[in-house]
Asker: 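Sending over a structure as structure tokens; questions will come in a sec.
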Number of protein chains: 2
Amino acid sequence: MVVANTTVEEVLAALEQADTLESIQDAILKLREHFNVDNMVYHWVDSAGEQYGYGTYPLDWAARYQEQNYIRIDPVIAGCYKRFHPVDWKKLDWSSKAVRAFQTEAIAYGIGNQGYSIPIRGPNGQFALFTVNHTCDDDTWEEFTETNRRELILIAHYFNQKALEFEPNRAPEQSQPLSPREIDAMTLLAIGYSRAQVAETLSISEHTLRVYIESARFKLGASNTTHAVARALSRGLIVV
Amino acid sequence: MVVANTTVEEVLAALEQADTLESIQDAILKLREHFNVDNMVYHWVDSAGEQYGYGTYPLDWAARYQEQNYIRIDPVIAGCYKRFHPVDWKKLDWSSKAVRAFQTEAIAYGIGNQGYSIPIRGPNGQFALFTVNHTCDDDTWEEFTETNRRELILIAHYFNQKALEFEPNRAPEQSQPLSPREIDAMTLLAIGYSRAQVAETLSISEHTLRVYIESARFKLGASNTTHAVARALSRGLIVV
DNA sequence: TATTTACTCCCCAGAAATAGCGATGCCAGA
DNA sequence: TCTGGCATCGCTATTTCTGGGGAGTAAATA
């Protein structure tokens, strides 16, 4: 694969200055041209399952993806969500039937067979992906990712920075912080303790514990304990 | 500030091959030399408050830090934990009395007054920091970070990768996959639905739903619904 | 000093979850 | 073919959680 001679440095510098969505799109197009790949996408996955992103995927595929809620079966999402590091799509689990149907459909919509995705995380459980996608054979792709991994990681980082600038309301999705006792309670509940066990562990009455759970629930906007624990987890307020 | 002429590329390549702790330490020393800074540290902060890391901080300071449990007041930890992006120490909140005492003590132990820390995150709320630290004036430091930000981000990434290799038990654990219906159930529970609501949403009887919850609980080794949802979340089996 | 925040404790009634035993049919892989 | 996993439905009794009250202390903050 030949890589064009626009420098990534230039594009990153431009991206850093970018102050409109158009200029970001422009950067992504330049980068696609530079790396000479089919697609390049930044994809934000919200804790509420909301999605957001920009890139070069065909619009009808993006619409289809959203409409079918493919995020729930997309192995790229699932795989990156579990990992720290950039992932080659080949290494993902495509074995399930639904997933293979999804893959076939994606290719029909013009998505390349090869892909390389970089997971990006932030506080409050925020999660995004930067993906490079192409149609070629395994060896070519291997060589491409080997060669460009470092730059792609950096680019992912820069796109994420820009995404936050443009969608600041997605960043401080943080809720009121939990008090230490509330964190204790949520943490112990998340590791499977019953209320009685938690109360005993914290050496407080079960009634007191309940007050913590309730206030945590309130702070987290949760409708029950399970919901509260789930939110605390996905916002990174507790870690299990 | 003069930057020595060992190339970062070389060090990163060496780091990639590193298979002993010594070689990692060696890489960190080379990098310190290259960037000509006082200290360079990779610091992992575990969910349980466990710590782990390597770098060039004086051993007595590291010991002191651990012993005093300074992680609880360290504004670098607090600040990076809240942010996505590299942070200059100057931008952190040093206003509290305890924090200033901490800072004074750190400097006495040989820590530079300037610092630049890069937060790194992974699944399950894992969190680490890569820090460059130096003694100089603000303008010099500004110029240094401006110049080297990109490389530092990459380096942070590589150190994190190595840290995971050497501490595989810190990586997320695998478990039996959940069936589609189990995923549905767990997901809806995680977003706050009660059993009745979930059953209605999935158009199944509450009893059937219960069977799913129970089998998911069993697969996840969870002792109750909240626990099961927490595990499903932190293993990336569901996304909320 | 006044105010807020966190932490602790108490009662009660009704709603929800859990544990125990069932059952049938379908589909895929060994 | 048969085993195992998946999806679906049923009953009963017990335990646990939730939501509605109220109240006092200590510490930090304004």
Side-chain angles (χ1 to χ4, degrees), chain A residues 72-73 95-101 175-232 237-238, chain B residues 72-73 78 93 95-101 175-232 237-238:
Chain A
R72 299 187 67 173
I73 59 163
S95 62
S96 120
K97 213 166 152 186
V99 167
R100 272 201 301 271
S175 47
Q176 262 179 291
L178 299 180
S179 77
R181 277 317 220 185
E182 286 159 357
I183 292 176
D184 291 342
M186 290 292 109
T187 305
L188 292 171
L189 289 170
I191 60 175
Y193 284 29
S194 71
R195 291 216 305 210
Q197 287 176 304
V198 175
E200 200 193 346
T201 306
L202 297 179
S203 305
I204 56 177
S205 77
E206 211 176 317
H207 313 277
T208 304
L209 171 68
R210 220 185 58 195
V211 176
Y212 295 143
I213 298 174
E214 269 168 35
S215 62
R217 221 172 42 217
F218 180 74
K219 284 181 180 174
L220 294 163
S223 46
N224 55 45
T225 302
T226 301
H227 193 195
V229 169
R231 287 209 156 168
L237 300 173
I238 62 171
Chain B
R72 301 190 67 172
I73 59 163
D93 178 16
S95 61
S96 125
K97 217 165 154 184
V99 167
R100 271 201 300 272
S175 63
Q176 250 186 301
L178 299 180
S179 79
R181 276 318 219 187
E182 287 159 358
I183 292 178
D184 290 342
M186 291 293 109
T187 305
L188 292 171
L189 289 170
I191 60 175
Y193 284 30
S194 70
R195 273 190 184 186
Q197 288 176 305
V198 174
E200 201 194 345
T201 307
L202 297 179
S203 306
I204 55 175
S205 79
E206 211 178 318
H207 184 92
T208 304
L209 172 68
R210 218 184 63 192
V211 176
Y212 295 144
I213 298 174
E214 269 168 32
S215 64
R217 222 172 45 213
F218 179 74
K219 283 182 181 174
L220 294 163
S223 48
N224 55 43
T225 303
T226 300
H227 193 194
V229 169
R231 288 207 154 168
L237 300 173
I238 62 172

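Side-chain atoms are counted along with the backbone in the values below, which use heavy atoms only and exclude waters and symmetry mates. In what follows, chains carry the letters A, B, and so on, assigned in the order in which the sequence lines appear, proteins first and then strands, with residues in each chain numbered from 1.
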Asker: At under 4.0 Å between heavy atoms, which parts of nucleotides 16-30 of chain C does protein reach? Answer with one letter per nucleotide, 5' to 3': B base, S sugar-phosphate only, - none.
Answerer: -SBBB-------S--
Asker: When you compare the side chain of A:Ile204 with that of A:Arg181, does any pair of heavy atoms fall below 4.5 Å?
Answerer: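 In short, these two side chains touch, coming nearer than 4.5 Å.
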Asker: Please report the distance, rounded to the nearest Å, between CD1 in B:Ile183 and C1' in D:dA7.
Answerer: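 Rounding to the nearest Å, CD1 of B:Ile183 and C1' of D:dA7 are 15 Å apart.
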Asker: Quick one: are B:Leu178 and B:Leu220 in side-chain contact, heavy atoms under 4.5 Å?
Answerer: yes
Asker: Any donor-acceptor pair under 3.5 Å linking the side chain of B:Arg210 with the backbone of B:Arg195?
Answerer: no
Asker: Would you say D:dC6 has OP1 or OP2 under 4.0 Å from some side-chain N or O of B:Lys219?
Answerer: yes
Asker: Is there side-chain contact between B:Val211 and B:Glu214, with heavy atoms separated by less than 4.5 Å?
Answerer: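 Of all side-chain heavy-atom pairs linking B:Glu214 with B:Val211, none is under 4.5 Å.
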Asker: Expressed as a whole number of angstroms, how long is the span from A:Leu209:CG to D:dC17:P?
Answerer: 9 Å
Asker: Any side-chain to backbone donor/acceptor pair from B:Ser223 onto A:Gly192? Under 3.5 Å, distance only.
Answerer: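 Judged by distance alone, yes, a pair lies under 3.5 Å.
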Asker: To the nearest Å, how far apart are A:Met186 CE and C:dA6 C1'?
Answerer: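 To the nearest whole Å, that distance equals 15 Å.
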Asker: Over how many whole Å does the gap from A:His227 atom NE2 to D:dC17 atom P extend?
Answerer: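 Roughly 18 Å, once rounded to whole Å.
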Asker: Expressed as a whole number of angstroms, how long is the span from A:Leu202:CG to C:dT8:P?
Answerer: 8 Å
Asker: Nearest heavy-atom pair of A:Glu182 and A:Ser215: which atoms, and what distance?
Answerer: OE2-OG, 2.5 Å
Asker: Using whole Å, what does the distance between atom C1' of nucleotide D:dC9 and atom CD1 of B:Ile204 come to?
Answerer: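 That distance rounds to 10 Å.
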Asker: Would you tell me if any nitrogen or oxygen in the side chain of B:Thr208 comes within less than 4.0 Å of OP1 or OP2 on D:dC9?
Answerer: yes
Asker: So which nucleotide from C:dT8, C:dC10, D:dT8 ends up closest to the side chain of B:Arg181?
Answerer: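 Within the option list, the nearest is D:dT8.
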